[in-house]
Student: 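Starting off with a structure, shown below.
Bear in mind that the values here come from a model prediction, so they are computed numbers and not experimental data.
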Amino acid sequence: MAAEYDHFMDSDKEWLCHVDDDNYLNPKPLLSLLSTFSPYADIYIGKPSLNRPMRAQELLPGNKTREVSFWFATGGAGFCLNRKLAKRMVPWASGPRFEQTSAVIRLPDDCAIGFIVEKRLGVSMIHSKLFHSHLENLLLLTPRDIPRQVTLSYGLFEDKMNSVEAKGVFSKEEDPSRFRTVHCLLYPLTSWCPSP
């Protein structure tokens, strides 16, 4: 995440969106969602993996700790930060400071983003139901819901394959994530999608 952040800060882009490599990103709903926010506001949007704020022990000088709680958007579902907020994160996120901040709370990078945004900068995370991780029951998304979602995921959930239910030309054996099927339903003119 540190390299992503630094690369973004060196760019002229307005949004930093992180999705894990086992996610499907649907660009149209993403762009539609991001267009609803003012460029003058601090924006951190995604989906938490917990139904409560994360609790952690922040390491303090003198070998002391204090309990902190904050919301974080799981990298497993994806999240976005706008440039205005990302600039404010520099003291805790640029270069080696990102890993140092993560070590202060002894949690992974997606948690560190939430910690910086909520505890260091006092900005609240915007919870969105349009981002999805494998830690939720993806079968609850109906085929009508799928085109409006920003991200989809897949994986094992309660010892069963967890993916959206999408009917198409690819079998579940050929396409266990259902990402190819979803993509061809959304973008049927893609060169590798079979003709209807």
Student: Would you check, one step at a time, whether the test side chain to side chain contact (heavy atoms under 4.5 Å, CB included) holds for Leu186 with Tyr24?
Tutor: CA-CA 12 Å; Leu186 296 174; Tyr24 180 83; 4.1 Å; yes
Student: If the plane angle is over 60° it's perpendicular, under 30° parallel, otherwise tilted; pick one for His183 and Trp192.
Tutor: parallel
Student: If I compare all heavy atoms of Val169 with all of Pro194, which pair ends up nearest, and what's the gap?
Tutor: CG2-CG, 3.2 Å
Student: Would you name the heavy atoms of Phe72 and Gly114 that are closest together and state the gap between them?
Tutor: CB-CA, 3.9 Å
Student: Could you see if Leu34 belongs to whatever hydrophobic cluster contains Leu85? Use Ile, Leu, Val, Met, Phe, Trp, Tyr and a side-chain cutoff under 4.5 Å.
Tutor: no
Student: Enumerate donor-acceptor pairs with a distance under 3.5 Å from any side-chain N or O in residues 89-100 to protein atoms, sequence neighbours excluded.
Tutor:
from  : atom 1 : to    : atom 2 : distance (Å)
Ser94 : OG     : Val90 : O      : 3.1
Ser94 : OG     : Arg97 : NE     : 3.3
Ser94 : OG     : Arg97 : NH2    : 2.5
Arg97 : NE     : Ser94 : O      : 3.4

Student: Step through the shown structure and confirm whether more than 12 heavy atoms of other residues, nucleotides or ligands are within 6.0 Å of CZ on Arg144.
Tutor: no
Student: Between Met54 and Ser69, does the side chain to side chain contact (heavy atoms under 4.5 Å, CB included) criterion hold? Intermediate values first, please.
Tutor: CA-CA 5 Å; Met54 170 61 79; Ser69 66; over 6 Å; no
Student: Quick check for you: to the nearest 0.5 Å, what is the distance between Met125 atom CE and Trp71 atom CH2?
Tutor: 7.0 Å
Student: Answer with yes or no whether the hydrophobic clustering places Leu31 together with Ile43; edges join I, L, V, M, F, W, Y residues whose side-chain heavy atoms lie under 4.5 Å apart.
Tutor: no
Student: Given side chains that start at C-beta, do those of Leu81 and Phe8 come closer than 4.5 Å, heavy atoms only?
Tutor: no
Student: Is the shortest distance from a Lys or Arg side-chain nitrogen in Lys13 or Glu4 to a carboxylate oxygen in the other one below 4.0 Å?
Tutor: no
Student: Could you walk me through whether Arg106 and Val104 satisfy the side chain to side chain contact (heavy atoms under 4.5 Å, CB included) test, starting with their C-alpha distance in whole Å, then the side-chain angles of each, then the deciding distance to 0.1 Å, before giving a yes or no?
Tutor: CA-CA 6 Å; Arg106 296 175 284 192; Val104 163; over 6 Å; no
Student: Is the number of heavy atoms from other residues, nucleotides or ligands within 6.0 Å of NE2 (His127) greater than 12?
Tutor: yes
Student: Nearest 0.5 Å, what's the CD-CG distance between Glu158 and Leu135?
Tutor: 10.5 Å
Student: Hey, is the main chain of Gly76 close enough, under 3.5 Å, to the side chain of Asn23 for a donor-acceptor pair?
Tutor: yes
Student: Which atom names give the shortest non-hydrogen contact between Gln149 and Lys129, and what distance separates them?
Tutor: OE1-O, 3.4 Å
Student: Looking at side-chain heavy atoms only, is the closest gap between Tyr154 and Arg178 below 4.5 Å?
Tutor: no
Student: Is there side-chain contact between Val150 and Ser128, with at least one heavy-atom pair below 4.5 Å?
Tutor: no
Student: Ignoring hydrogens, what is the shortest heavy-atom contact between Met9 and Arg83? Give both atom names and the distance.
Tutor: O-NH1, 3.9 Å
Student: Hey, which of Leu25, Thr74, Leu33 is the one that makes side-chain contact (heavy atoms from CB on, under 4.5 Å) with Phe131?
Tutor: Leu33
Student: Determine whether Gln57 and Lys64 satisfy the following criterion, side chain to side chain contact (heavy atoms under 4.5 Å, CB included), listing intermediate values before the conclusion.
Tutor: CA-CA 9 Å; Gln57 294 295 317; Lys64 295 182 180 178; over 6 Å; no
Student: Check whether Phe37 and Val123 end up in the same hydrophobic cluster, where Ile, Leu, Val, Met, Phe, Trp and Tyr are linked by side-chain heavy atoms less than 4.5 Å apart.
Tutor: no
Student: Please find the pair of heavy atoms, one from Ser163 and one from Ser177, that lie closest to each other, and give the distance.
Tutor: CB-O, 3.7 Å
Student: Report yes or no: do Val117 and Leu50 belong to one cluster of Ile/Leu/Val/Met/Phe/Trp/Tyr joined by side chain heavy-atom distances under 4.5 Å?
Tutor: yes
Student: Side-chain contact, heavy-atom cut-off 4.5 Å: Trp15 with Leu30?
Tutor: no
Student: Rounded to the nearest 0.5 Å, what's the gap from CG on Leu138 to OG on Ser153? Could you check?
Tutor: 6.5 Å
Student: So how far is it from Arg66 CZ to Leu60 CG, rounded to the nearest 0.5 Å?
Tutor: 5.0 Å
Student: Check whether any side-chain heavy atom of Phe115 lies under 4.5 Å from a side-chain heavy atom of Leu107, and answer yes or no.
Tutor: no
Student: Just how far is it from atom CG of Asn82 to atom SG of Cys17, taken to the nearest 0.5 Å?
Tutor: 10.0 Å
Student: Inspect the contact between Glu136 and Lys47 and indicate whether a charged nitrogen and a carboxylate oxygen are less than 4.0 angstrom apart.
Tutor: yes
Student: Quick one: which residue pairs count as a side chain to side chain donor-acceptor pair (under 3.5 Å) with a foot in residues 36-46, not counting sequence neighbours?
Tutor: Asp42-Lys84, Asp42-Arg88
Student: Is there a side-chain contact between His132 and Leu140 (heavy atoms, below 4.5 Å)?
Tutor: no
Student: For the side chain of Asn26 and the backbone of Arg148, is there at least one donor-acceptor N/O pair under 3.5 Å apart?
Tutor: no
Student: Could you tell me if the side chain of Tyr187 sits less than 4.5 Å from the side chain of Pro27, heavy atoms only?
Tutor: yes
Student: Say whether Val19 and Leu152 are linked into one hydrophobic cluster, either directly or through other cluster members, by side-chain heavy-atom distances under 4.5 angstrom.
Tutor: no
Student: Asp109: what forms a side chain to side chain donor-acceptor pair (under 3.5 Å) with it, not counting sequence neighbours?
Tutor: none
Student: Could you state the interatomic distance from CG (Leu130) to CD1 (Ile45), rounded to the nearest 0.5 Å?
Tutor: 7.5 Å
Student: For a quick test of reading the model, state the closest non-hydrogen atom pair linking Thr181 to Phe170 and the distance between them.
Tutor: OG1-CB, 3.5 Å
